[in-house]
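When a residue number appears, it is its place in the shown sequence, counting from 1.
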Amino acid sequence: HGFVSMLPMSDSIFLIAWLDGRNMASHDHGSMHSHEHAAGEMSVRIAEVNLQGELRNETVVDEMACTCCQTTMSMTESGPVLMYRDCSQDNIRDISIVRLINGNWTKPVSIHQDNWFIQGCPVNGPKSDAMGNSLAVAWYTAANDKPKVQVVFSKNSGESFQKPVLVSDGEVVGRVDLLMLSEDEAVVSWMETISKETFLFAAKINGEKGLSYRVEIAKMSSSRKTGF
């Protein structure tokens, strides 16, 4: 189904993660592009690809996830991590992480329990970056009908996370990106609507001190034509 993340593992192998709709497509029960649960479920899969284009060690890391939110991967000092918007049977759609430990992928764990109930996919995935054992993740949520963008930091490669830092709780559209500047600081970007006009903003963020140096990058359309 797409929404691919890629990560170099060596000079000849890279890791690829994607949303896979083969179980949904096997049931003639409406289109999986409806962004709702079909008879089957959207899975999250990871595999290695070599320079010859050969797929190896394909693994299903989650049997059921949100159908149309971008995945994100980062390489920590302890190994690769993958984050994506999960989905429970009760339509709780929070961000989960899986980590490669001793050759095996861990079970999905929520990076923060927003408990966002939404019956359709919001098409608003997380973004991450790592530096050493420090990992930062930005994401959008509208739990309790209160849209916001948050960033959370981990000092142990995603094994546990600090308290999230609020980026904005205005009329945010989400569509985040993130890049670490140091083990304690990152730059986060997001889209937000102010007085019926939508802008791309960016800011520096520190896991302990919070947000600083917010700047407006550009005016944009809030429609999907600007991307996800």
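- Ser222 and Thr193 share no donor-acceptor pair across their side chains, judged by distance under 3.5 Å alone.
- Across all non-hydrogen atoms, the minimal contact from Met191 to Thr226 is CE-OG1, 3.9 Å.
- Taking CH2 of Trp190 as the start and CG of Leu178 as the end, the distance is 11.5 Å to the nearest 0.5 Å.
- With sequence neighbours excluded, the residues forming a side chain to side chain donor-acceptor pair (under 3.5 Å) with Asp184 are Lys155, listed by chain and number.
- A distance of 9.5 Å separates CD of Glu41 from CD of Glu63, quoted to the nearest 0.5 Å.
- Residue Met83 comes nearest to Val137 through the heavy atom pair SD-CG2, 3.3 Å, listed as atom of the first residue, atom of the second, then distance.
- The closest side-chain donor-acceptor pair between Thr72 and Ser5, if any, does not fall under 3.5 angstrom.
- Closest non-hydrogen pair, Asp86 versus Ala65, comes out as OD1-CA, 3.9 Å.
- For the pairing with Ser134, the side-chain contact (heavy atoms from CB on, under 4.5 Å) check across Met180, Glu185, Glu77 returns one residue only, Met180.
- Residues passing the side chain to side chain donor-acceptor pair (under 3.5 Å) test with Ser221 are Ser223, sequence neighbours excluded.
- No donor-acceptor distance shorter than 3.5 angstrom exists from the side chain of Thr59 to the backbone of Val61, with no hydrogens or angles considered.
- For the atom pair CD1 (Ile111) and CZ (Phe161), the distance works out to 5.5 Å, reported to the nearest 0.5 Å.
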Full working for side-chain contact (heavy atoms from CB on, under 4.5 Å) between Val188 and Leu179:
CA-CA 7 Å; Val188 58; Leu179 185 69; over 6 Å; no

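- Shown here are the salt bridge (Lys or Arg N to Asp or Glu O under 4.0 Å) partners of Arg45, two or more places apart in sequence or in another chain: Asp20, Glu58.
- At distances below 3.5 Å, not a single donor-acceptor pair connects side-chain atoms of Trp105 with backbone N or O atoms of Arg99.
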Would you check, one step at a time, whether the test ring-ring contact (aromatic ring centres under 6.0 Å, His included) holds for Tyr84 with Trp139?
CA-CA 10 Å; Tyr84 56 94; Trp139 81 101; over 10 Å; no

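- Between the side chain of Asn124 and the backbone N or O of Val173 there is at least one donor-acceptor pair closer than 3.5 Å.
- The backbone N or O of Met42 lies less than 3.5 Å from no partner atom in the side chain of Thr67, so there is not a single donor-acceptor pair.
- Side-chain N or O atoms of Thr198 include none that pairs as donor or acceptor with a backbone N or O of Lys196 at under 3.5 Å.
- One finds no salt bridge joining Arg175 and Glu192 here, because no Lys/Arg side-chain nitrogen approaches an Asp/Glu carboxylate oxygen to under 4.0 Å.
- In this structure, Arg93 and Pro122 approach most closely via the heavy-atom pair CD-CD, 4.5 Å.
- For the residue pair Phe201 and Arg214, the shortest heavy atom distance occurs at CZ-NH2, 3.4 Å.
- Checked by atom type and distance alone, the side chain of Asp94 pairs as donor or acceptor with a backbone atom of Asp114 at under 3.5 Å.
- In this structure, the side chain of Asn206 engages the main chain of Glu208 through a donor-acceptor pair within 3.5 Å.
- Closest of all the heavy-atom pairs between Pro80 and Leu7 is CB-CD2, 3.8 Å.
- Two residues are said to be in side-chain contact when any heavy atoms from C-beta on lie closer than 4.5 Å; Lys204 and Leu211 fail this criterion.
- For Asn133 and Thr76, the side-chain atoms include no donor-acceptor pair closer than 3.5 Å.
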